[in-house]
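Okay, structure first, notes after.
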Amino acid sequence: MAYSGLLSRYGHLLNLPPHTRTISLLEGDTPLIPADYLSRQLGGGFELFIKFEGLNPTGSFKDRGMTAAVSEAFGRNATTVICASTGNTAASAAAYAARAGMKSIVLIPQGKVAAGKLAGAAAYGARVIQIEGSFDDALTMVIEITNKHPICLVNSINPYRIEGQKTGAFEICDAIESAPDWLCLPVGNAGNISAYWAGFKQYNEIKSTGLPQVLGVQAAGAAPLVIGHAVENPETVATAIRIGKPARGEQALQAAEESNGKIIAATDTQIVDMQKLLARLEGIWVEPASAAGLAGLAIEIENGNLNPKGKRVVAICTGHGLKDPDIVIKDMVKPQVVMPNLSALEEVILG
Ligand SMILES: *Cc1c(COP(=O)(O)O)cnc(C)c1O
């Protein structure tokens, strides 16, 4: 049967109200790609898979939760959705709202959103508002306004977002017929780590698929869950996880503890190096934040804190590299210019 989207495939396992009316862009069903070269680079002897969430309709995993949240809002005749966003939530909310014939308003931190994300939100017709402040400020504002006015909040504090995002865990278990030994992923506002853990626990109850140990990775300049308190001015190139006060921080810590895993920090250099390595060794280009889970895995292996030998490791690569081309272009060697004839080309290629 043709694939018809996440709510159609997994809706019976999600806690969504009966009034929910499906709005789908056939999100999910993303590939679990073996990464043998990268595994070898990290010492080898273990199976490594990349869950490439950049292949969702708007280029990030946010579409999993957004199909659920917008379908619920649409089903009760809400007319407008709003979110605070580091970029990907904005693009996703705008796309699903467009498809539902609803309006979308997105609040972004001024000057800190990658070009491809902002362009997406604009293309899908969102009303984009820049806040002279951080993501955390923007989130506080959307919570306040939705408490006062009939506008639907679609950040991951919306419980239906988490319901939708559980499907990532279901897909992994369905693909490899059990939970992996380790799950590595970036942590920003901490909705995704919470959703994965909830999803694995639910699948284990109904299908005995087992549970992974969870390695959550924050950027060193935005690592409140590692240092134990909120970060006032979070800074990192990994803009999608540039968050100082994660809304689901407690749940993330609980997921790490219950799974016998942990939450660690990776520096910007470690994150960007992993982004490059993944692209060059495996042909998978992700945005910087999306490489954080793998950067954390490399750190843990290097430090001898995690022995992957004989294990199965899945890394969630949360968003596509195309969303944030600037980071690569900035460091790129300028392409050579050659006269339009064969001998000139021969000269530069063959020397
Ligand atoms: C949103 C996002 C994250 C962080 O997810 P949280 O649920 O906020 O922890 C990581 N990577 C990308 C690409 C994102 O868009």
Side-chain angles (χ1 to χ4, degrees), residues 27 30 50-66 69 83-93 95 106 108-109 112-114 116-118 120-121 135-136 138-139 154-159 161-166 168-169 183-199 214-219 222-226 234 236-253 255-256 263 266 271 274-275 278 284-296 315-324 327:
E27 59 293 311
T30 55
I50 309 294
K51 180 79 168 154
F52 192 14
E53 290 289 280
L55 296 181
N56 275 295
T58 76
S60 84
F61 77 84
K62 298 299 197 301
D63 296 341
R64 291 183 185 275
M66 209 54 76
C83 64
S85 178
T86 59
N88 282 328
T89 302
S92 185
V106 304
I108 56 171
K112 299 290 183 182
V113 170
K117 301 178 186 178
L118 190 54
F135 168 86
D136 304 284
L139 184 61
V154 293
N155 280 102
S156 59
I157 46 179
N158 177 323
R161 280 276 309 276
I162 301 300
E163 287 301 308
Q165 286 173 211
K166 291 192 310 195
L183 182 85
C184 312
L185 79 176
V187 176
N189 213 23
N192 212 28
I193 189 173
S194 306
Y196 267 95
W197 184 238
V214 178
L215 179 66
V217 185
Q218 301 203 288
L225 302 180
V226 179
T236 168
V237 290
T239 51
I241 51 172
R242 187 174 168 273
I243 292 174
K245 226 171 93 202
R248 291 189 184 267
E250 284 306 315
Q251 262 173 284
L253 291 168
I263 297 182
I271 290 172
M274 182 52 77
Q275 180 197 25
L278 182 60
I284 300 172
W285 181 28
V286 304
E287 66 168 276
S290 306
L294 282 168
I316 309 301
C317 285
T318 44
H320 205 290
L322 284 168
K323 289 278 192 103
D324 193 356
I327 175 108

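Counting starts at 1 for both ligands and their atoms, following the listed order.
- Looking at Gly191 next to ligand 1, an N or O pair under 3.5 Å apart turns up.
- Atom 1 (C) of ligand 1 has Lys62 NZ, 1.4 Å as its closest protein atom, hydrogens excluded (heavy atom only).
- Heavy-atom distances between Ala190 and ligand 1 reach below 4.0 Å in at least one pair.
- Remark: the Lys112 side chain and the Thr86 side chain contain no N/O donor-acceptor pair separated by less than 3.5 Å.
- Residues Glu27 and Asn56 bring no donor and acceptor atom of their side chains to less than 3.5 Å of each other.
- Atom CG of Asp324 and atom CH2 of Trp285 lie 8.5 Å apart (nearest 0.5 Å).
- Near Val187, meaning under 4.0 Å from any of its heavy atoms, are these atoms of ligand 1: 9 (O).
- Those atoms of ligand 1 with a heavy atom of Pro186 less than 4.0 angstrom away are 10 (C).
- Among all protein heavy atoms, the one lying closest to atom 5 (O) of ligand 1 is Phe61 CZ, 3.4 Å.
- Under the 3.5 Å distance criterion, the side-chain polar atoms of Ser290 are matched with a main-chain donor or acceptor of Gly319.
- Side-chain atoms of Arg161 never come within 3.5 Å of backbone atoms of Ala69 as a donor-acceptor pair (strictly under, hydrogens ignored).
- For a threshold of 3.5 Å applied to N or O pairs, the pair formed by Gln165 and ligand 1 contains no separation below that value.
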- Given the rule in the side-chain contact (heavy atoms from CB on, under 4.5 Å) test, do Ile316 and Phe61 qualify, once you have shown the distances and angles that lead to the verdict? CA-CA 9 Å; Ile316 309 301; Phe61 77 84; 5.6 Å; no
- After noting the C-alpha distance and the side-chain angles of Ile241 and Val187, does the key distance pass the side-chain contact (heavy atoms from CB on, under 4.5 Å) rule? CA-CA 6 Å; Ile241 51 172; Val187 176; 6.0 Å; no
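- Of all atoms in ligand 1, numbered sequentially from 1 with element shown, those under 4.0 Å from a heavy atom of Glu287 are 13 (C).
- Remark: ligand 1 atoms within the under-4.0 Å shell around heavy atoms of Ser290 are 13 (C).
- Among protein heavy atoms, atom 11 (N) of ligand 1 sits closest to Thr318 OG1, 2.7 Å.
- Residues Pro109 and Ser85 approach most closely at CD-O, 3.1 Å, considering heavy atoms.
- For Gly188, a nitrogen or oxygen atom sits less than 3.5 Å from a nitrogen or oxygen atom of ligand 1, counting backbone and side chain alike.
- Looking at Pro246 and Asn189, their side chains come closer than 4.5 Å, going by heavy atoms from C-beta outward.
- Among Ile193, Asn155, Thr86, Asn192, the residue whose heavy atom sits closest to atom 7 (O) of ligand 1 is Asn192.
- Heavy-atom distances between Ile241 and ligand 1 reach below 4.0 Å in at least one pair.
- Here the protein heavy atom with the shortest distance to atom 8 (O) of ligand 1 is Asn189 N, 2.8 Å.
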